[in-house]
Amino acid sequence: MENKRINGNDLIALGYKENHSLGVALKINSKRHGFTRVEMLEKFKSVLEDPTGYSEDAVFGILAHAILGQEAVDKSLIALNETPAEYTIYGASEIETGAKVQMNIAMKLPVSVAGALMPDAHQGYGLPIGGVLATNNAVIPYGVGVDIGCRMALSIFDLPASFLEENLMTLKDIILRNSKFGAGNGYLRHERVDHAVLDNELFSENSFLSALKDKAWTQLGSSGGGNHFVEFGIVEFEERDEVLNIDNGAYLGLLTHSGSRGMGATIAAHYTKLAKSLCKLPYQAENLAYLDLDTHEGQEYWLAMNLAGDYASACHEVIHEKITLALGAELLAKVENHHNFAWKETWNGQEVIVHRKGATPAAKGVMGIIPGSMATPGFLVRGKGESNAIQSASHGAGRLMSRTQAIKTLSSHDLHSMLKDKGIMLLGAGMDEAPMAYKDIHTVMASQKDLVDVVAKFSPKIVRMADDGSRED
């Protein structure tokens, strides 16, 4: 007990509020300064009761000043709504408490209208991953996410499933030659391709975006780190789909997952900082700082966000065109959807801004792809337009454990045995992306039967991911 770390709950029990002072106290505690746990707690209590008396203290003076200054700060903050609207949670038993706490805070924003939590939800920054939030004329950069416009794209080819097994090494070579992975990585100048998205007038009108254009060109058609991938697999239709005009059967498919690369991450960081400077929220909600869409800053972010989304789509387009050309196959259908984005939509007769941070649009009839993991199936789905879910669904299986936890606890032997049993060739990836680090995709799909209909199943067979340990960028 003596060595047990002091955490935020311990300080809250002493009377600290969830504000800047709490953060300062935790920072001081990280060094312990020679005090025992009991002595440290006694000091924290004394400083809270008499901050003036500690204002010159070498260790606790910074905390004393934070407490003394907090009262004035609190009066200038935007107040949260203490009676927020209720929201629906799908697959609640499988969702960690931290994600629910974050969603509860998001619902208290004065601009929040409605919310929902998808069954793959887990804790993130600001809005939880798997969180859907509808707001009134306001956009939250961290409600959109860092990898703006991250998306899935599925190409279905006029080739039978048997083609994959018969041409395994050829398909491996096609993936390796026509994809590039890793945070910060891109193409050399003579390797770059052109695309209409680079001609967007925002690159010349906005100096901030102009400085990002060369990086965008360098990374066009590449994928990031983390859970981004390029996969060949088998797409199985149990029955004919009239909308896609595809008969029942098993086909070769190409599935990709990546986003707006370094450009999107830089846009997210820039406008999150701007939002925090303009929208002063209480400590526990500060990562949910929002921009009013009637302001110049709000409109500037909205345009930049949409550009990043278009750029992410262009990256997939380049990858799919390169691989389709190398494959020499006929394309039966291509389906694409994105998350980490904000849309202007009508919900219950009201125009709202719908943030889907790690959530798939699922309006009635809208197609989407919900992947599992490198060794579990993904699903081609069609939305049902469920109002309680704000016309959304999960964007994947969702993480069961953090990347750090996965690397420390999971066995590479178990991973390789699983891949061998399922006949999956893995190119790259680390233990943080092992299937065991994710929730059971079948449980997740069972929790959202009211949100989507399954059209086809995708089973990965050749999987390429970043092998440099980098995360999404």
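Here Trp343 pairs with His338, Phe341 under the ring pair (Phe, Tyr, Trp, His ring centres under 6.0 Å) rule; sequence neighbours left out. By the ring pair (Phe, Tyr, Trp, His ring centres under 6.0 Å) test, His355 pairs with no residue at all, sequence neighbours left out. Residues passing the salt bridge (charged side-chain N to carboxylate O under 4.0 Å, His left out) test with Asp10 are Arg37, sequence neighbours excluded. Every residue was checked against the ring pair (Phe, Tyr, Trp, His ring centres under 6.0 Å) condition with Tyr187, not counting sequence neighbours, and none meets it. Among residues two or more places apart in sequence or in another chain, the ring pair (Phe, Tyr, Trp, His ring centres under 6.0 Å) test is passed with His195 by none.
Applying the ring-ring contact (aromatic ring centres under 6.0 Å, His included) test to pairs two or more places apart or on separate chains, those with a residue in residues 281-306 are Tyr271-Tyr301. Sequence neighbours left out, the pairs with a member in residues 174-202 that pass salt bridge (Lys or Arg N to Asp or Glu O under 4.0 Å) are Asp173-Arg177, Arg189-Asp214, Arg192-Asp214. Here salt bridge (Lys or Arg N to Asp or Glu O under 4.0 Å) pairs that include residues 266-284, with residues two or more places apart or in two chains, number zero. The salt bridge (Lys or Arg N to Asp or Glu O under 4.0 Å) contacts involving residues 77-102 comprise Glu82-Lys108, where partners must be two or more places apart or lie in separate chains. Legend: side-chain hydrogen bond (donor to acceptor under 3.5 Å, both in side chains) pairs involving residues 364-374, not counting sequence neighbours, sorted by first then second residue: Ser373-Thr376. Annotation: salt bridge (Lys or Arg N to Asp or Glu O under 4.0 Å) contacts involving residues 295-312, sequence neighbours excluded, are absent.
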Item to complete: Start with the C-alpha distance between Glu336 and Arg151, add both sets of side-chain angles, then the distance that settles salt bridge (charged side-chain N to carboxylate O under 4.0 Å, His left out), and finish with yes or no.
Response: CA-CA 7 Å; Glu336 182 178 338; Arg151 64 192 60 219; 2.9 Å; yes
(message) Let's go through Leu11 and Ile6 carefully: what are the C-alpha distance in whole Å and the side-chain angles of both, what is the deciding distance for side chain to side chain contact (heavy atoms under 4.5 Å, CB included) to 0.1 Å, and is it a yes or a no?
(response) CA-CA 8 Å; Leu11 296 176; Ile6 295 172; 4.2 Å; yes
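Around the CG atom of Leu80, the shell of radius 6.0 Å holds more than 12 heavy atoms that belong to other residues, nucleotides or ligands. Atom NZ of Lys322 has more than 12 neighbouring heavy atoms from other residues, nucleotides or ligands inside a 6.0 Å radius.
With 3.5 Å as the limit, one finds no donor-acceptor pair spanning the side chains of Thr135 and Asn137. No side-chain donor from either of Thr360 and His339 sits under 3.5 Å from a side-chain acceptor of the other.
Side-chain N or O atoms of Lys439 include one that pairs as donor or acceptor with a backbone N or O of Ala121 at under 3.5 Å. Judged purely by atom type and a 3.5 angstrom limit, Lys357 uses its side chain to pair as donor or acceptor with the backbone of Leu127. The backbone N or O of Ala268 sits less than 3.5 Å from a side-chain atom of Thr272, completing a donor-acceptor pair. Arg261 places a side-chain N or O within 3.5 Å of a backbone atom of Asn185 that can act as its donor or acceptor partner. Judged purely by atom type and a 3.5 angstrom limit, Asn340 uses its side chain to pair as donor or acceptor with the backbone of Asp147. Although no hydrogens or angles enter the test, the distance criterion places no donor-acceptor pair under 3.5 Å between the side chain of Gln391 and the main chain of Glu386.
Using a 4.5 Å cut-off on side-chain heavy atoms (C-beta onward), Val455 and Val381 make no contact. Phe237 places a side-chain heavy atom less than 4.5 Å from the side chain of Leu244. Between Gln123 and Pro128, every side-chain heavy-atom pair lies at or beyond the 4.5 Å cut-off. Within the 4.5 Å cutoff, the side chain of Asn388 has no heavy atoms near those of the Tyr87 side chain. Using a 4.5 Å cut-off on side-chain heavy atoms (C-beta onward), Lys17 and Leu22 make no contact. By the 4.5 Å heavy-atom criterion applied to side chains, Glu231 and Arg464 are not counted as neighbours. Between Leu109 and Ile140 there is a side-chain heavy-atom pair separated by less than 4.5 Å. In this structure, the side chains of Leu117 and Ile95 come closer than 4.5 Å at one or more pairs of heavy atoms.
Distance CD1/Ile369 to NE2/His257: 10.5 Å, rounded to 0.5 Å.
The distance between the ring centers of Phe208 and His270 falls below 6.0 angstrom.
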Extract all donor-acceptor atom pairs below 3.5 Å that involve side chains of residues 392-402 and protein atoms in other chains or at least two apart in sequence.
residue : atom : partner : partner atom : Å
Ser392  : OG   : Arg356  : NE           : 2.7
Ser392  : OG   : Ala389  : O            : 3.2
Ser392  : OG   : Ile390  : O            : 2.9
Ser394  : OG   : Gly396  : O            : 3.1
Ser394  : OG   : Gln448  : NE2          : 3.0
His395  : ND1  : Asp120  : OD2          : 2.6
His395  : ND1  : Gly358  : O            : 3.0
Arg399  : NE   : Met401  : O            : 3.0
Arg399  : NH1  : Asp432  : O            : 3.2
Arg399  : NH1  : Glu433  : OE2          : 3.4
Arg399  : NH1  : Tyr438  : OH           : 3.2
Arg399  : NH2  : Met401  : O            : 3.4
Arg399  : NH2  : Asp432  : O            : 2.6
Ser402  : OG   : Gln405  : N            : 3.0

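Of the charged side-chain nitrogens involved, at least one lies within less than 4.0 Å of a carboxylate oxygen, so that Lys384 and Asp453 count as a salt-bridged pair.
Partner Phe458 forms a side chain to side chain contact (heavy atoms under 4.5 Å, CB included) with one of Val235, Leu254, Ile156, Ile234 and no other, that one being Val235.
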